[in-house]
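Notes follow the structure.
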There are 2 protein chains.
Amino acid sequence: MEKEKIWYLKRLKLFGGPRAEEQIRELDKIAHHKQYLKNQTVFLPGDRRRLVYLLKKGHIKLCRISPQGKSLTVALLEPGEIFGEIEALDNRPTASVAESLNALEPVTVCEIQHKDYVRYLHQFPEIAIKVLMLVGARARQMEARMEDLAFRSVSSRLANLFIELSEKYGEESPHGIRIRMRLTHQNLADLVGANRETVTAFLSEFRREELITQNKGYFFILEKDKLNMIR
Amino acid sequence: MEKEKIWYLKRLKLFGGPRAEEQIRELDKIAHHKQYLKNQTVFLPGDRRRLVYLLKKGHIKLCRISPQGKSLTVALLEPGEIFGEIEALDNRPTASVAESLNALEPVTVCEIQHKDYVRYLHQFPEIAIKVLMLVGARARQMEARMEDLAFRSVSSRLANLFIELSEKYGEESPHGIRIRMRLTHQNLADLVGANRETVTAFLSEFRREELITQNKGYFFILEKDKLNMIR
DNA sequence: TTTCATATGTATGCCATCATACAATGTATG
DNA sequence: CATACATTGTATGATGGCATACATATGAAA
């Protein structure tokens with residue numbers, strides 16, 4: 001049963017070395033299981049609780065909301081990922097929103113108090129270094145997305161998004177690579193920083209050219225290399 | 001003389017606690033002093049040396065270059081800042097360029113081999129945590145800039161850039177807040193992800209409205225709060 | 001000082017993307 | 001099944017910012 005309880009921690013790729021067992025046990029001690037019903041937000045901009053989260057089940061999107069109410073999705077998260085105030089330096093609260101993504105079932109997370117988290121990192125410095133690498137990798141991805149926003153057209157960003165999605169969330173299927181999360185056109189628009197209508201138009205085009213298909217909210221990538229060539 | 005040699009490390013804000021002295025001494029052992037003449041690049045995309053750098057003198061910009069040769073500046077660095085492969089996870093080399101910024105004098109840095117750096121972090125885990133916070137803070141800044149790119153107009157981004165510059169690099173002067181680094185219109189354009197001509201046009205407008213002035217490559221901010229209100 | 005390269009200033013037409021509008025379809029829920 | 005709501009599809013005009021073009025200014029080097 002104990003084993004059952006910590007399975008999710010094993011997906012985290014944060015642990016390793018001779019102390020791995022201990023690392024997992026200690027993290028489990030400070031992590032508090034919690035469920036969010038669908039379409040509930042996990043945290044909002046300005047949240048002062050400064051929690052660190054481990055995603056156990058479901059999908060989460062991290063967004064930024066503009067003053068005019070438009071939304072930009074900064075990251076999509078899968079079970080096993082860590083998020084929240086993992087790198088909180090100053091006292092400023094987050095500027096992002098975390099919410100479940102078109103969830104059909106509830107989202108399950110573990111919450112960790114920030115002070116427990118910092119104590120834990122001091123206890124297991126190897127893990128601090130791994131978290132550093134993780135945050136760094138995400139920073140690089142963001143750089144790449146910034147470059148896209150600055151230089152590339154919506155169709156190009158959208159094509160690129162499908163390639164990234166297929167790499168991170170794709171699974172082979174008889175009808176092409178299936179993206180294993182429900183995504184609306186609005187979701188895609190928020191991911192590429194564009195208008196929903198514009199996205200819909202390009203999706204129609206992609207479908208006409210048989211690069212992708214769409215079924216009950218799930219997308220299938222048919223021609224990955226052709227998508228790669230869209231300017 | 002020894003004191004002279006490590007002054008630059010004291011600017012780093014990475015050290016602290018009872019072991020601060022030791023931290024600095026050990027870092028100095030693995031850091032190799034190096035000078036770059038003006039307009040030399042420190043590293044290019046694909047650089048496999050995977051070095052970590054400490055900036056001692058001069059300014060550095062980190063850029064991304066698009067396939068069409070357009071450049072987006074990801075970060076501006078001042079003396080005392082750390083950059084390079086501070087968070088290198090995978091074996092992929094950087095996608096960014098680091099080059100000196102309109103340098104009139106040579107840029108001075110310290111280079112650290114990546115393996116020495118990792119060993120150092122293991123030796124002083126407190127520092128790994130500080131680097132984590134630092135990388136995190138930069139990641140948040142990038143999120144904010146992504147939001148800007150996605151939602152805001154060039155004039156708004158430009159006004160916002162001046163506010164950020166005045167906060168990070170500004171110093172009071174009789175003629176307003178002086179940005180203490182030489183910046184061309186092209187530099188600004190690269191920072192906000194826009195066309196040089198477009199930027200020049202808005203700068204003329206800002207100058208006409210007496211929000212900023214420009215003198216020998218240096219900018220002065222006159223009306224910070226009015227800049228804040230530009231949509 | 002003269003020369004040359006770099007940086008700045010301004011105008012023009014063009015085009016990608018947005019905002020708006022509305023119809024059509026899909027899907028959850030009583 | 002019927003209803004309501006969310007999502008998708010498509011067209012339209014408006015426009016911000018880009019590319020292009022070229023003139024002028026600035027300042028470093030000779």
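Chain identifiers are assigned alphabetically (A, B, ...) following the order of the sequence lines, protein sequences preceding nucleic acid strands; residue numbering begins at 1 within each chain.
With salt bridges taken as basic N to acidic carboxylate O contacts below 4.0 Å, one links A:Arg138 and A:Glu81.
Residues satisfying the side-chain contact (heavy atoms from CB on, under 4.5 Å) test with A:His33, not counting sequence neighbours, are A:Lys56, A:Thr108. Residues satisfying the ring-ring contact (aromatic ring centres under 6.0 Å, His included) criterion with A:Phe162, sequence neighbours excluded, are A:Phe219. For the ring-ring contact (aromatic ring centres under 6.0 Å, His included) test, no residue two or more places apart in sequence or in another chain qualifies with A:Phe151. With sequence neighbours excluded, the residues that form a side-chain contact (heavy atoms from CB on, under 4.5 Å) with A:Pro79 are A:Arg11, A:His59. Considering only residues two or more places apart in sequence or on other chains, B:Ala194 meets the side-chain contact (heavy atoms from CB on, under 4.5 Å) condition with B:Val154, B:Arg157, B:Val192, B:Val199.
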Close N/O contacts between protein and nucleotides 9-11 of chain D (under 3.5 Å):
residue, atom, partner, partner atom, Å
D:dG9, OP1, A:Arg207, NH1, 3.3
D:dG9, OP1, A:Arg207, NH2, 3.3
D:dG9, OP2, A:Arg207, NH2, 3.3
D:dG9, N7, A:Arg196, NH1, 3.1
D:dG9, O6, A:Arg196, NH2, 3.1
D:dT10, OP2, A:Ser204, OG, 3.3

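Sorted by first and then second residue, the salt bridge (charged side-chain N to carboxylate O under 4.0 Å, His left out) pairs involving residues 62-74 of chain B (not counting sequence neighbours) are A:Glu143-B:Arg64, A:Glu147-B:Arg64. Among residues at least two apart or in separate chains, there is no salt bridge (charged side-chain N to carboxylate O under 4.0 Å, His left out) pair with a member in residues 186-201 of chain A.
Atom CD of B:Glu205 and atom P of C:dG9 are 13 Å apart (whole Å). With rounding to whole Å, B:Lys70 atom NZ is found 14 Å from D:dT20 atom C1'. Between B:Asn187 atom CG and C:dT8 atom P the separation is 8 Å, expressed in whole Å. Rounded to whole angstrom, the span from the OH atom of B:Tyr218 across to the P atom of D:dG27 amounts to 12 Å.
Taking every heavy atom of residues 153-166 of chain A and every atom of DNA chain C, pairs under 4.0 Å involve A:Ser153, A:Val154, by number.
Across all strands shown, B:Phe151 has no heavy atoms under 4.0 Å from either base or sugar-phosphate atoms.
Overall bending of the helix from C:dT1-D:dA30 to C:dG30-D:dC1, expressed as the angle between end axes built from five pairs apiece, is 50° (10° steps).
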Expected list for residues 224-231 of chain A: side-chain donor-acceptor pairs under 3.5 angstrom, two or more places apart:
residue, atom, partner, partner atom, Å
A:Lys224, NZ, A:Ser166, OG, 3.4
A:Lys224, NZ, A:Glu167, OE2, 3.4

Cut-off 3.5 Å, no hydrogens considered: what does the side-chain donor-acceptor table look like for residues 170-181 of chain B, sequence neighbours left out?
residue, atom, partner, partner atom, Å
B:Glu171, OE2, B:Arg178, NE, 3.2
B:Ser173, OG, B:His175, N, 3.0
B:Ser173, OG, B:Gly176, O, 2.7
B:Arg180, NE, B:Glu78, OE2, 3.0
B:Arg180, NH1, B:Tyr169, O, 3.4
B:Arg180, NH2, B:Glu78, OE2, 3.4

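Side-chain N/O atoms of B:Ser66 and B:Gln68 include a donor and acceptor closer than 3.5 Å.
Judged by closest nucleotide on DNA chain C, B:Phe219 is the one of A:Arg152 and B:Phe219 placed further toward the 5' end.
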